[in-house]
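Everything below concerns the one structure shown next.
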There are 2 protein chains.
Amino acid sequence: MSDTVILKGTIIHTPTKDQFEYYENSYLVAVDNVIKGIYKELPKEYEKEEVKDYGDKLIMPGMCDMHVHAPQYVYRGLGLDLQLMQWLETYAFPTESRFSDMEYAKNYYEAFADALAKNGTTRAVIFSTIHVPSTGLLMEILEKKRIGGYVGKVNMDTLCPDSLREDSEQSLKDTREWLIEWKDKLSLVKPAITPRFIPTCSTTVLKGLGELVKEFDVPVHSHISEDIGEMEIVRERYPQIDHDGAVYDQFGLLTNHTVMAHFIYPTDEELTLIKERGVTIAHCPQSNGNVAAGIPPIRKMLNMGIKTGLGSDIAGGYSPCIFRAMSEAVYLSKLKWLDTGKEDMFLSIPEAFYLGTKGGGQFFGKVGSFETGYELDALVIDDSSLGTILDELSVIERMERVIHLADDRNIVARYVAGVEA
Amino acid sequence: MSDTVILKGTIIHTPTKDQFEYYENSYLVAVDNVIKGIYKELPKEYEKEEVKDYGDKLIMPGMCDMHVHAPQYVYRGLGLDLQLMQWLETYAFPTESRFSDMEYAKNYYEAFADALAKNGTTRAVIFSTIHVPSTGLLMEILEKKRIGGYVGKVNMDTLCPDSLREDSEQSLKDTREWLIEWKDKLSLVKPAITPRFIPTCSTTVLKGLGELVKEFDVPVHSHISEDIGEMEIVRERYPQIDHDGAVYDQFGLLTNHTVMAHFIYPTDEELTLIKERGVTIAHCPQSNGNVAAGIPPIRKMLNMGIKTGLGSDIAGGYSPCIFRAMSEAVYLSKLKWLDTGKEDMFLSIPEAFYLGTKGGGQFFGKVGSFETGYELDALVIDDSSLGTILDELSVIERMERVIHLADDRNIVARYVAGVEA
């Protein structure tokens, strides 16, 4: 028995980053989670299948959150007029310490997963904490609520509070056992190697994690060249190495299944390295301003063909909604445009949409687009509450307005890997 | 018969910009729209009055939107990857032209007023269009829905499409008649002199408007030093005058009841002039990025004691919610902090709250604070949906989270000038 899903409505996606493609009054057909096509008339072979008719509602690919800290959902929206180190010490570290408590973890990880789901995220790359048991719990919760992607037990063994500092060897041993247990346990949710960032990881740990990447062929997720202060620490520790990218690379942590968040201050050489290794960059515009890090050269990265997606970076960002990240990516790119003497052209709306869907989606396989052969991750959007001139708008204008104005109320159905969830 | 309103809950405001003051389980008492005090125990004289008990919900001053274009609500969230002139030509001018049609105006002005009300705005300074009849209609709608403030029939007689270009003398004549009719017609809503901005107003119109300001003693509302392109036009037209501020000033348009939006590129001399004249600046952080204008030196203005409030600048901004403006003012100020080599310290959360309440509120009289003698503009906020650790948060943390995360769902009651609305 094959499992056929047919959605009818106004179908919109971005197979290429430069423009929307849309199909009014059309059928999106997937069989066994493989998209067969978009049709104006339903092909005969599907005539007896059930059609989910969403009228003229918008049907778009699910959104991908390429960088998010699950435990930090607890304190989102707090301390955002502190400077980064104060904020980590006041909120991040004390909160993360509490995830040794499974009851505490259950409550907050459920709330986190619910927030992602209701805000339209279908796939995500997620930091948990150093704690193996609650990391496993998070993975199970995500699987159950159908948020696909990668979760990382965090590694940190230096420059951090005692309550979160791991013994270097134990950190690697725990990670290895966790990989063995979880690599193939779930269907939608898999493990990723997740060093917190270079400052909190000793050379022993970074080296050991690189070996685990090779042994288990798993993805990598971390932060790169985010902040001047962070970069200074790395330069001091590795005076012979020019940039964060080269440090990760020397330990084998840059692969074509690595995602690195931020990349605000890359050198030209570092950009080239990231491009050559096939690394994906997670752009987190809300967090870039909130933690006063700066504005990354996204236009430059896109021009170079560097793979790029969007992240909420909860709780450096306070909103779990990738629509907000799309809108704010355009906003921030306009300030970059001014900063670069109007050289780095700001992002267009389809580009921002592409980054939040297919741009990140490629990290999970054929995800983030409705092209034939892709998995079926879809959102159904009711935009009727967003304004009173709906009948006069083009489909592209409707989509644009959704990006800026929609919230969880406008997301009325959600499909992940071929299943409504 | 005096009209007494007593609200009970967790009362919070910013009498000074540097810190929140709050009162748990307390009574806020107003008689005939004059606040008498905040009390832990209800004074005997009010014992027989009705108490609106909001439990531990937050009770805060109403928010003030110091710069918003009512007709542009029609197309909010559209065209925000266009450059400013394209955007004006594609959306702003064609839409504004339609407000000669009273039926069209009624629909959209009702929707606009509803959006402001449900998003917590109690007072606003508002652009309409050049059209006198629909401007009057907007004023009546606002009065009915209890949004206090000032509305401006717009003046523009040059550098604009034919459909919106007024004859200079007719523009002044219309404005004069409109002032006579509306100056004292309504209780909450009054007229303001509103030249669109210097480029679209001839010297004849600016001079005539200055005379009307003197004759009728009414406020002024416009844009100032927003954009490099705009400023170049002004420099060409008035080569002997150094900055926008001095142009307005020469026509008597800078008074202590003038509000000017943006002020992104002020010179030191212009800052001093604005301070001396007692002008209020409307800071519109969402719009500053959306229209790629730049980041104003808000810290510098606050240090100089320049009166400052926040604006949504619909539809340069897409959100009518001043909570968003508060959050984004902090965000944008962090990028300014980086731009100025960390010299212009970013805004604190109480400062942003102050700007959105009392900072703008002073323009309307004693508004935007719960100090004794102030008018009663209040919002009741139910923040229970915003997170799951509510019981562990301080009142200030709760307020901070509301600023970043709340939307219209969290605003459960609204009082304007002493009346629930």
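Computation of the quantities below employed the complete heavy-atom set of this structure, encompassing side-chain atoms and omitting hydrogens, waters and symmetry-equivalent molecules. Below, chains carry the letters A, B, ... as their sequence lines are ordered, and counting in each starts from 1.
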Val330(B) side chain near Leu80(A) side chain, heavy-atom distance below 4.5 Å
no

Are Tyr331(A) and Leu332(B) close enough that some pair of their side-chain heavy atoms sits under 4.5 Å apart?
yes

Determine the minimum heavy-atom distance between Arg76(A) and Arg401(B), stating which atoms define it.
O-CD, 3.3 Å

Closest contact, heavy atoms only, Gly289(A) versus Lys334(B):
O-CD, 3.1 Å

Roughly how far, to the nearest 0.5 Å, is the [atom2] atom of [Y] from the [atom1] atom of [X]?
{"X": "Asp227(B)", "Y": "Leu338(A)", "atom1": "CG", "atom2": "CG", "result": "8.5 Å"}
{"X": "Asp339(A)", "Y": "Asp339(B)", "atom1": "CG", "atom2": "CG", "result": "5.5 Å"}
{"X": "Leu335(B)", "Y": "Ile295(A)", "atom1": "CG", "atom2": "CD1", "result": "5.0 Å"}

Name the region of [X], side chain, backbone, both or neither, that has any atom closer than 4.5 Å to a heavy atom of chain A.
{"X": "Met399(B)", "result": "neither"}
{"X": "Leu347(B)", "result": "backbone"}
{"X": "Phe112(B)", "result": "neither"}

Heavy-atom proximity to chain B below 4.5 Å, by part of Ala293(A)
backbone

Exceeds 12 heavy-atom contacts within 6.0 angstrom, atom NZ of Lys118(A)
no

In this structure, are over 12 heavy atoms from other groups packed under 6.0 Å from Lys300(A) atom NZ?
no

With a 4.0 Å cut-off, would you call Arg98(A) and Glu392(B) a salt bridge?
yes

Ile396(A), Leu405(A), Ile349(A), Leu393(A) screened by side chain to side chain contact (heavy atoms under 4.5 Å, CB included) with Leu78(B), the one that passes
Leu393(A)

Sequence neighbours left out, what passes ring-ring contact (aromatic ring centres under 6.0 Å, His included) with His69(B)? Give chain and number order.
His67(B), Phe127(B), His223(B)

Only counting residues at least two apart or in another chain, list the ones meeting ring-ring contact (aromatic ring centres under 6.0 Å, His included) with Tyr318(B).
His404(A)

Pick from Asp407(A), Asn288(A), Ile228(A) with the largest number of heavy-atom pairs that fall under 4.5 Å of chain B:
Asp407(A)

With a 4.5 Å cut-off on heavy-atom pairs, point out which of Glu351(B), Arg409(B), Glu328(B), Lys342(B) contacts chain A the most.
Arg409(B)

